[in-house]
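Only this structure's heavy atoms are used, side chains among them; waters, hydrogens and symmetry mates stay out.
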Amino acid sequence: MPTASPTTTPSIVEQLHPASVVLAVDFGGTKVESALVRDDGTLVDGSRFRRPTGRDRSASELADAVAAVVTASLQRVPAGTPLRGIGIGAAGPIDRERGRVSPVNLPVWRDFPLRETVATAAREAGYDAPSVLRLDGLCITLAENWVGAGRGIDNMMGMIVSTGVGGGVISGGAVVAGFSGNAGHIGQLEVPGFTEPDAPCTLEEIAAGPHTVAWARERGFKGETGEDLAKAYAQSDRIAVAAVTRSGTAIGRAIASVSTLLDLEVVVIGGGFSLVTPDLFDIIRAAIDRYSRFDYARRVEVRPTGLDADGPLIGAAALVYRSI
């Protein structure tokens with residue numbers, strides 16, 4: 001492992017507990033990112049790298065993208081700084097025991113050995129460190145609980161509303177990972193009443209950005225992206241307003257169900273499509289109030305993310321720092 005002598009003599013405490021960094025990797029349906037994260041949840045300057053993923057990429061291209069960002073980030077490890085471990089957050093489903101992934105939005109990867117792919121790239125860069133793989137929704141929940149809008153909350157759910165919809169849960173102060181590591185996968189929760197009878201009706205298929213835009217386009221909307229939809233909504237375009245209202249209502253109904261089951265205090269929502277309009281949170285709140293059967297479920301507080309786009313990486317690092 002590359003090291004260098006420090007320029008000053010460390011104290012005995014620093015010698016016994018030297019500052020370290022974690023390599024964080026976030027793999028999703030549109031991009032893979034990596035960065036070095038310190039134990040205070042901040043990123044090492046210049047260590048963040050990104051490569052595109054997406055349905056148009058082959059399995060080998062996706063693997064090459066992962067290896068490229070890992071190698072690039074590890075080249076930025078400060079001289080003399082130990083690499084404490086590697087945390088990987090990935091779109092699911094995942095197999096946490098075997099370190100494999102089968103992302104819903106990337107059908108070319110089924111049972112793909114992502115953890116070993118990352119570990120191999122790290123070894124080739126000169127770093128042999130323990131690695132852990134968990135669902136990306138759990139990672140963002142850990143980030144919010146550590147340094148974000150859910151800091152210190154013992155009963156919370158984190159959500160990402162973007163290309164897909166993901167989530168993670170902390171209950172009674174404990175991380176809920178589940179038997180296979182896929183607990184909290186709220187995007188695959190069925191939310192009936194938004195499609196034809198008996199048709200698949202998952203929250204992701206209703207509320208994710210691309211699906212919401214597609215629904216609007218089927219009804220005459222001419223835009224092509226979430227940004228287009230946001231602009232149209234701001235101009236009170238009838239179809240855009242209906243599309244965003246549909247998305248927010250579905251999210252609120254799903255939260256009402258989960259909060260009824262788990263008695264949550266807080267739900268923190270981030271992701272690109274969560275920024276489509278500030279009104280989205282009012283729509284979500286109204287749906288929770290309407291569809292919750294019990295007062296304790298209605299009391300759940302919904303907050304926007306306290307983190308920027310660094311959240312998934314911070315959460316991946318938290319896997320190591322919290323030994324999840």
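Scanning both residues, Val213 and Gly226, for their nearest heavy atoms gives CG2-N, 3.8 Å. The minimum heavy-atom distance linking Gly184 with Val169 is given by the pair CA-CG2, 4.3 Å. Residue Tyr321 comes nearest to Val37 through the heavy atom pair OH-O, 2.8 Å, listed as atom of the first residue, atom of the second, then distance. Summarising the geometry of Val25 relative to Val118, their closest heavy-atom pair is CG2-CG1, 4.2 Å, with the distance given to 0.1 Å. For the pair Gly89 and Ala316, the tightest heavy-atom approach, listed with the atom from each and the gap, is N-CB, 4.0 Å. Annotation for Arg219 and Ile239: closest pair O-CD1, 2.9 Å, computed over non-hydrogen atoms.
Grouping the Ile, Leu, Val, Met, Phe, Trp and Tyr side chains by contacts below 4.5 angstrom, directly or via other members, places Ile160 apart from Leu203. Hydrophobic clustering (ILVMFWY, side-chain heavy atoms < 4.5 Å, transitive): Leu262 and Val191 are in one cluster. Residues Val176 and Val132 do not share a hydrophobic cluster, clusters being chains of Ile/Leu/Val/Met/Phe/Trp/Tyr side chains in contact below 4.5 Å. Residues Leu114 and Val104 are members of separate hydrophobic clusters, defined by side-chain heavy-atom contacts under 4.5 angstrom among Ile, Leu, Val, Met, Phe, Trp and Tyr. Ile324 and Ile314 fall within a single hydrophobic cluster, where Ile, Leu, Val, Met, Phe, Trp and Tyr are joined by side-chain heavy atoms under 4.5 Å apart, directly or via other members.
A 4.5 Å side-chain heavy-atom check between Lys31 and Asp26 finds at least one atom pair inside the cut-off. When side chains are defined from C-beta on, Val101 does not count as touching Pro93, because their heavy atoms never get closer than 4.5 Å. Put simply, the side chain of Leu229 does not reach to within 4.5 Å of the side chain of Thr225, judged on heavy atoms. Counting heavy atoms from C-beta on, the side chains of Asp237 and Phe221 come closer than 4.5 Å.
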After noting the C-alpha distance and the side-chain angles of Phe112 and Phe27, does the key distance pass the side-chain contact (heavy atoms from CB on, under 4.5 Å) rule? CA-CA 12 Å; Phe112 183 83; Phe27 183 87; over 6 Å; no
Worked check of side-chain contact (heavy atoms from CB on, under 4.5 Å) between Val267 and Met159: CA-CA 7 Å; Val267 175; Met159 287 184 67; 4.0 Å; yes
Go through it in stages, so that I can follow the logic: the residues are Ile269 and Phe281, the test is side-chain contact (heavy atoms from CB on, under 4.5 Å), and I'd like the CA-CA distance, side-chain angles, deciding distance and then a yes or no. CA-CA 9 Å; Ile269 303 178; Phe281 283 80; 4.0 Å; yes
Residue pair Thr305, Ser274: steps toward the side-chain contact (heavy atoms from CB on, under 4.5 Å) verdict: CA-CA 9 Å; Thr305 178; Ser274 72; 5.6 Å; no
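Of the N and O atoms on the side chains of Asn182 and Arg134, not one donor lies less than 3.5 Å from an acceptor on the other residue. Residues Thr141 and Glu144 bring no donor and acceptor atom of their side chains to less than 3.5 Å of each other. Residues Ser73 and Arg76 bring no donor and acceptor atom of their side chains to less than 3.5 Å of each other.
In this structure, Phe194 has its ring center no closer than 6.0 Å to that of Trp215.
In this structure, the side chain of Thr81 does not engage the main chain of Val77 through any donor-acceptor pair within 3.5 Å. Judged by distance alone, with hydrogens and angles left aside, the side-chain atoms of Arg110 form a donor-acceptor pair with the main-chain N or O of Leu106 at under 3.5 Å. The backbone N or O of Asp111 sits less than 3.5 Å from a side-chain atom of Ser102, completing a donor-acceptor pair. Of the possible polar contacts, one joining the Thr277 side chain to the Asp279 backbone as a donor-acceptor pair under 3.5 Å is found. Within the 3.5 Å criterion, the main-chain N or O of Gly223 finds a donor-acceptor partner in the side chain of Arg217. Under a 3.5 Å cut-off, the side chain of Glu205 and the backbone N or O of Thr202 do form a donor-acceptor pair. Here the side chain of Thr53 pairs a donor or acceptor atom with the backbone of Gly28 at under 3.5 angstrom. No donor-acceptor pair closer than 3.5 Å links the side chain of Glu204 to the backbone N or O of Gln188. The closest donor-acceptor contact from the side chain of Arg115 to the backbone of Arg96 lies under 3.5 Å. Between the side chain of Arg303 and the backbone N or O of Val268 there is no donor-acceptor pair closer than 3.5 Å.
Between Arg98 and Asp95 there is a salt bridge, since a side-chain N of the basic residue sits under 4.0 Å from a carboxylate O of the acidic one. Asp295 and Arg299 are not joined by a salt bridge, as no carboxylate oxygen comes within less than 4.0 angstrom of a charged side-chain nitrogen. A salt bridge is defined here as a Lys NZ or Arg NE, NH1 or NH2 lying under 4.0 Å from an Asp or Glu carboxylate O, and Arg51 with Glu61 fails to meet this definition. By the 4.0 Å N-to-carboxylate-O rule, Asp228 lies too far from Lys231 to be salt-bridged with it.
Partner of Leu36 under the side chain to side chain contact (heavy atoms under 4.5 Å, CB included) criterion, out of Asp45, Leu23, Thr42: Leu23 alone.
At most 12 non-hydrogen atoms from other residues, nucleotides or ligands lie less than 6.0 angstrom from CZ of Arg290. Around atom CZ of Arg238, no more than 12 heavy atoms belonging to other residues, nucleotides or ligands sit under 6.0 Å away.
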